[in-house]
Amino acid sequence: MPNDRDDHGAILVWFRNDLRIADNPALRHAADSGRPVICLYIFDETPGVRPMGAASLWWLDKSLKSLDESLEKLGNKLMLRRGVAAEVLDEVLRQTGATGVLWNRLYDKASTDRDMAIKTRLRAAGIDCQSFNASLLTEPWEIKNGAGQPYKVFTPYWQAAREHLTDVVVEDAPKSLRSLGHLPSSERLADWRLNPTKPDWSKGFDLWTPGEAGALARLDDFLSGSVSGYGEKRDLPGVEATSRLSPHLHFGEIGPRQVWLAAREAQAPRGEIDKFLSELGWREFNHAILFHWPDLPARNFKPEFDGFPWARDDAAFKAWTRGQTGYPIVDAGMRELWATGFMHNRVRMIVASFLIKHLLIDWREGEAWFWDTLVDADLANNAGNWQWVAGSGADASPYFRIFNPIAQGEKFDPRGTYVRRWVPELAGVPDDVIHKPWTRPLHLPAAAKRLYSRPIVEHDHARARALEAYHSL
DNA sequence: AGAGATTTAGC
DNA sequence: CTAAATCTC
């Protein structure tokens, strides 16, 4: 009775940040229906949905290509359309006669507003419309404290969340995907011009392999190698000891359930595995906070910060973005970001603290820069982490914790390995002054003297000024 | 997931 | 005396 199945129409799978075929419940559900499946990615222009930054667009380009190749192996392909999502869906439904639309959920307000409106409207029109969870270990609304409220502190949140994770399940990729006989036209990926207009900028991004295969390889590499020394080495930017899964997780090339299960089965000490998994916990926490406090990217989580006397200093901001602050660890981080679309986590905290506390520049300006330049730019994590550093966020670092960029450098990059990699003009500076080259100008090689400038603010002065600003609240 | 000053424990 | 623990911002 094959024709019988066709009578029910095709199912449309709307891909978003779930660019994978394994552990993808919407895709799996469509495949299991036995009906033809239309795989659609919409370059969404719905007003209010934050446009991706330049580094994200670079990544998206490769990830979509990779997903299309995976789908072709299953006998299907990825259809691309650009426009306002609701209108694009209407058009594709009309062109294909599909009778069902499935997707995996997103959790920011612009997306949930859009998706709820679409779901209500499509269901009223008789379209079978369902959403699934591909992106999080637990749904944000599932984890509540004793008073029925969402947690605002990470440790009790993660403790409660872990109790929900007794039967984490991963679904295999479908073996095949029926396709529609006559698929309406797709736009061409190249026409979207997702690569940066300055091609030189992304030259150094080749350390990444966007796409599902690259994500799985990265996870495997990490779990069979550096996770063993994770607790000790994860804070050392000169050592490659972190997983670097963040962009893959953001685009959903791999899901947190896959990471969770693989980590639990890895041959490594339990303590190290748990430390790594608690980083997944922060990802869950940030998404839950964003879901319950949708203004997180724009407004202080703690409203008492609303009166903070931020400085307007374009020259200082520019120096920060270019890695020209005169503090080697800060400059190394900002240059790693520019060169690779990524920055080591420890250094993210240092550069963010520097922008907010040494320069007194609003965390939202830093958040916007990261949004544009990070390949792992993620609304929940980016906003949550910037507010964490600023002291204005949920379970944030107290404002008066002001990182000393010299001490942080000496503690976490003691031999200057990281600094020398990203600030080559300091290559010949001896270890004992690599994080404070201005203190012994006579000992500096000519290149360092000529090319590396003095700090744009003096640490003790900036620290005192930041504390004063904080106390003015 | 600070920094810096001060106190205390252990020798 | 030193290093760890404690306190304060």
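Proteins come first, then strands; the chains are lettered A, B, ... in the order of their sequence lines, and each starts at number 1.
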**Message:** Which label fits A/Trp293 and A/Phe301: parallel for a plane angle under 30°, tilted from 30 to 60°, or perpendicular past 60°?
**Reply:**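 Plane angle over 60°, so perpendicular.
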Separation of [X] atom [atom1] from [N] atom [atom2], in whole Å?
{"X": "A/Leu467", "N": "C/dT8", "atom1": "CG", "atom2": "C1'", "result": "11 Å"}
{"X": "A/Phe354", "N": "B/dG2", "atom1": "CZ", "atom2": "P", "result": "17 Å"}
{"X": "A/Arg401", "N": "C/dT8", "atom1": "CZ", "atom2": "C1'", "result": "13 Å"}

Could you list the protein-to-nucleotides 3-6 of chain B atom pairs, N/O on both sides, closer than 3.5 Å?
from: B/dA3; atom 1: OP1; to: A/Asn404; atom 2: N; distance (Å): 3.2
from: B/dA3; atom 1: OP1; to: A/Gln408; atom 2: NE2; distance (Å): 2.9
from: B/dA3; atom 1: OP2; to: A/Gln408; atom 2: NE2; distance (Å): 3.4

**Request:** Let me know which of A/Asn104, A/Asp115, A/Asp44 forms a side chain to side chain donor-acceptor pair (under 3.5 Å) with A/Arg16.
**Result:**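 With A/Arg16 as partner, side chain to side chain donor-acceptor pair (under 3.5 Å) holds for just one option, A/Asp115.
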**Message:** Taking any heavy-atom pair under 4.0 Å as a contact, classify A/Glu279: base, sugar-phosphate, or nothing.
**Reply:**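 The residue A/Glu279 makes base contact.
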**Message:** Within the 4.0 Å heavy-atom criterion, would you say A/Arg348 contacts the bases, only the backbone, or no part of the nucleic acid?
**Reply:**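 Counting heavy atoms under 4.0 Å across all strands, no contact is made by A/Arg348.
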Between [X] and [Y], is the ring centre distance below 6.0 Å?
{"X": "A/Phe285", "Y": "A/Trp158", "result": "no"}
{"X": "A/Trp103", "Y": "A/Phe132", "result": "no"}
{"X": "A/Trp422", "Y": "A/His344", "result": "no"}

**Message:** Here's one to test your reading of the geometry: is the NZ or CZ of A/Arg348 within 45 degrees of the ring axis of A/Phe342 and under 6.0 Å from its centre?
**Reply:**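 Checked: cation-pi criterion met.
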**Prompt:** With a 3.5 Å cut-off and no angle check, do the side chains of A/Tyr151 and A/Asp395 form a donor-acceptor pair?
**Reply:**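 There is no such pair (donor and acceptor under 3.5 Å, judged by atom type) between the side chains of A/Tyr151 and A/Asp395.
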**Asked** With Watson-Crick and G-U wobble geometry limited to distances under 3.5 Å, how should the secondary structure of DNA chain C be encoded in dot-bracket form, using | for bases paired to another strand and [ ] for crossing pairs?
**Response** |||||||||
**Asked** Are A/Tyr230 and A/Phe222 close enough, and set up right, to give a ring-ring contact (aromatic ring centres under 6.0 Å, His included), and what steps lead you there?
**Response** CA-CA 10 Å; A/Tyr230 186 73; A/Phe222 174 68; 5.7 Å; yes
